[in-house]
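In what follows, a single structure is set out as structure tokens and then discussed.
Counting begins at 1 with the first residue of the sequence.
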Amino acid sequence: MTSTRAVHVPSRTTETTETTETSRTGRTSRTGRNTGSGTRPSGPPLGAGRMALRVVALAATVPYLVLKSAWLSGSRAGIPEGSPLREPGMFLTLANAVTLAMDACVILLVLALTRPWGTRLPPWLLTVPAFAATGLLTPILTAFPAQLLIQAAGPGTRAPAEGAVRPFLDSWVFTVVYTGFTVQGLALAGLFVPYARERWGRRWQGVPGRGLPPPTGVVAGAAAVCGVLVAGVHVYWALGGTGGMGAERAAARSATTGVVSGVHAMCALAAAAGAVLLARGGSRRVWRPLALTWTGSAAALCWGLWPLIASLGTQLDGGEQPSGTVQLVYAGQMITGVLAAAVLARFLTSRREA
């Protein structure tokens with residue numbers, strides 16, 4: 001009995017000590033990762049699919065970066081004679097530099113979504129550029145393929161009076177640039193969605209539950225009213241109406257431009273519907289209104305703010321100043337996006353607090 005105890009007790013003590021030391025150093029865990037307090041998680045390893053998407057997304061930025069760099073260097077590739085883009089102006093130079101930097105930021109975003117150091121970045125440093133990319137690329141992803149189909153249907157679907165419109169860019173420029181944007185959007189979506197699920201997945205699990213406080217409901221209602229009004233104007237333009245467009249826009253009106261108006265109408269309605277659903281709460285799956293609000297508010301905000309800023313330089317570049325109606329629609333889109341985004345932020349904040 002004595003010899004048995006002498007052997008048994010030290011064995012248990014040694015096992016306990018080793019287990020304690022292991023838990024302190026964090027060398028092992030049930031998931032097989034380093035869980036020590038002195039290190040940060042590096043995220044799960046990338047699969048072959050996400051590695052391929054990273055390569056595709058990075059490659060899709062090259063055509064636009066090359067074209068913008070060439071224009072900033074003085075090249076006129078893809079710019080026809082008579083185009084306002086051939087006229088010198090500080091606004092155009094600044095616009096080219098800004099858009100070049102925006103596309104370069106896509107490279108940083110792709111790397112942040114696929115490299116270990118991306119998991120250590122503050123959330124806003126990822127969500128803000130991802131939100132902007134969603135807003136700028138979603139209408140292109142939706143409208144550009146539809147425009148290609150319409151153009152393939154026959155020449156009768158093109159603008160009826162091409163000679164009345166000042167040339168802007170060669171057609172191949174739009175094909176190359178928007179094809180690159182389409183690929184970028186698809187690849188970024190394939191990278192951001194799984195990243196967000198792994199890092200913030202609990203925010204969109206389950207159902208919305210109780211509705212948000214009354215002030216948020218008022219904001220959601222304002223977003224709905226504004227979104228419906230903006231969508232109504234865009235639907236009118238999509239169906240062939242030209243009232244309030246201005247002479248140049250009316251002359252350039254075609255089935256392909258009508259598709260763009262239709263897409264903007266859908267984005268405004270998505271932002272409005274998503275904001276109302278998030279504010280009301282309920283038992284539906286939460287990811288659906290979240291996706292509506294994220295995508296719709298981003299598209300409405302970006303495609304309201306960006307053209308509104310760009311319109312400030314049209315007179316300097318020789319183009320027609322957008323009409324008051326067009327600028328009012330831009331402002332309405334921007335307001336709809338801001339209000340819906342505010343509801344989205346309040347909803348996510350309440351989930352975090354809970």
Side-chain angles (χ1 to χ4, degrees), residues 52-53 56-57 59-64 67 78-80 83 99 103 106 133-193 227 230-243 245-246 248-271 273-274 291-292 294-296 298-300 302-304 306-307 310 326 329-330 333:
L53 286 175
V56 170
T61 64
V62 173
Y64 192 76
L67 195 58
I79 305 177
S83 172
T99 50
D103 205 47
V106 174
T134 302
L136 292 172
L137 295 176
T138 294
I140 296 174
L141 279 170
T142 311
F144 182 62
Q147 289 177 322
L148 293 179
L149 292 175
I150 291 174
Q151 290 176 357
T157 59
R158 296 178 185 270
E162 293 184 2
V165 183
R166 297 184 64 186
F168 189 70
L169 286 171
D170 291 337
S171 59
W172 67 264
V173 176
F174 289 103
T175 302
V176 170
V177 168
Y178 283 101
T179 299
F181 285 159
T182 301
V183 175
Q184 282 184 40
L186 293 174
L188 281 174
L191 291 173
F192 181 72
V193 171
V230 168
V233 177
H234 275 301
V235 168
Y236 165 71
W237 287 340
L239 295 177
T242 58
M245 279 188 171
E248 284 191 7
R249 288 174 180 268
R253 171 70 180 80
S254 66
T256 54
T257 59
V259 169
V260 178
S261 295
V263 168
H264 287 316
M266 290 190 297
C267 291
L269 290 177
L292 276 177
W294 173 276
T295 306
C302 291
W303 283 98
W306 179 251
V326 172
V329 171
Y330 289 157
Q333 285 181 239

Report yes if some heavy atom in the side chain of Ile150 is under 4.5 Å from a heavy atom in the side chain of Val259; otherwise report no.
yes
Under the ring-ring contact (aromatic ring centres under 6.0 Å, His included) rule, collect the residues that match up with Phe144, sequence neighbours excluded.
Tyr178
Give the minimum heavy-atom separation between Ala59 and Pro63, together with the two atoms involved.
O-CD, 3.6 Å
Results of side chain to side chain contact (heavy atoms under 4.5 Å, CB included) for Leu136 - residues two or more places apart only:
Met102, Cys302, Trp303
Would you say that Thr257 contacts Ser254 through its side chain, given a criterion of any heavy-atom pair below 4.5 Å between the two side chains?
yes
Indicate yes or no for a side-chain donor-acceptor contact from Gln184 to the backbone of Ala57 under 3.5 Å, with no hydrogens or angles considered.
no
Are any of the side-chain heavy atoms of Met266 and Val263 separated by less than 4.5 Å?
yes
Residue list, side chain to side chain contact (heavy atoms under 4.5 Å, CB included) with Val235, at least two apart or on another chain
Leu239, Ala265
Interatomic spacing from OG1 in Thr61 to CG in Asp103 - rounded to 0.5 Å:
5.5 Å
Can you list the residues that meet the side chain to side chain contact (heavy atoms under 4.5 Å, CB included) rule with Val326, with sequence neighbours excluded?
Trp237, Arg249, Pro322, Ser323, Tyr330
With rounding to the nearest 0.5 angstrom, report the OG1 to CD distance, Thr142 to Gln147.
11.0 Å
Work out which heavy atom in Val183 is nearest to a heavy atom in Ala60; give both atom names and the distance.
CG1-CB, 3.8 Å
What heavy-atom pair brings Ala270 and Gly296 nearest, and what distance separates the two atoms?
CB-CA, 4.1 Å
What residues form a side chain to side chain contact (heavy atoms under 4.5 Å, CB included) with Val177, not counting sequence neighbours?
Tyr64, Leu67, Val173, Phe181
To the nearest 0.5 Å, how far apart are CG in Leu141 and CG in Leu186?
5.0 Å
Interatomic distance, Thr175 atom OG1 to Leu169 atom CG [nearest 0.5 angstrom]
11.0 Å
Which atom pair, heavy atoms only, marks the closest approach of Gly227 to Leu269?
O-CD2, 4.4 Å
Output yes when a side-chain donor or acceptor of Arg253 lies under 3.5 Å from a complementary backbone atom of Met245, and no otherwise.
no
Suppose we screen for ring-ring contact (aromatic ring centres under 6.0 Å, His included). Which residues come up paired with Trp294, at least two apart in sequence or across chains?
Phe131, Phe192
In chain order, what residues pass the side chain to side chain donor-acceptor pair (under 3.5 Å) check against His234, with sequence neighbours excluded?
Gln333
Between Ala250 and Thr242 the two heavy atoms that sit nearest each other are CB-CB, 4.0 Å
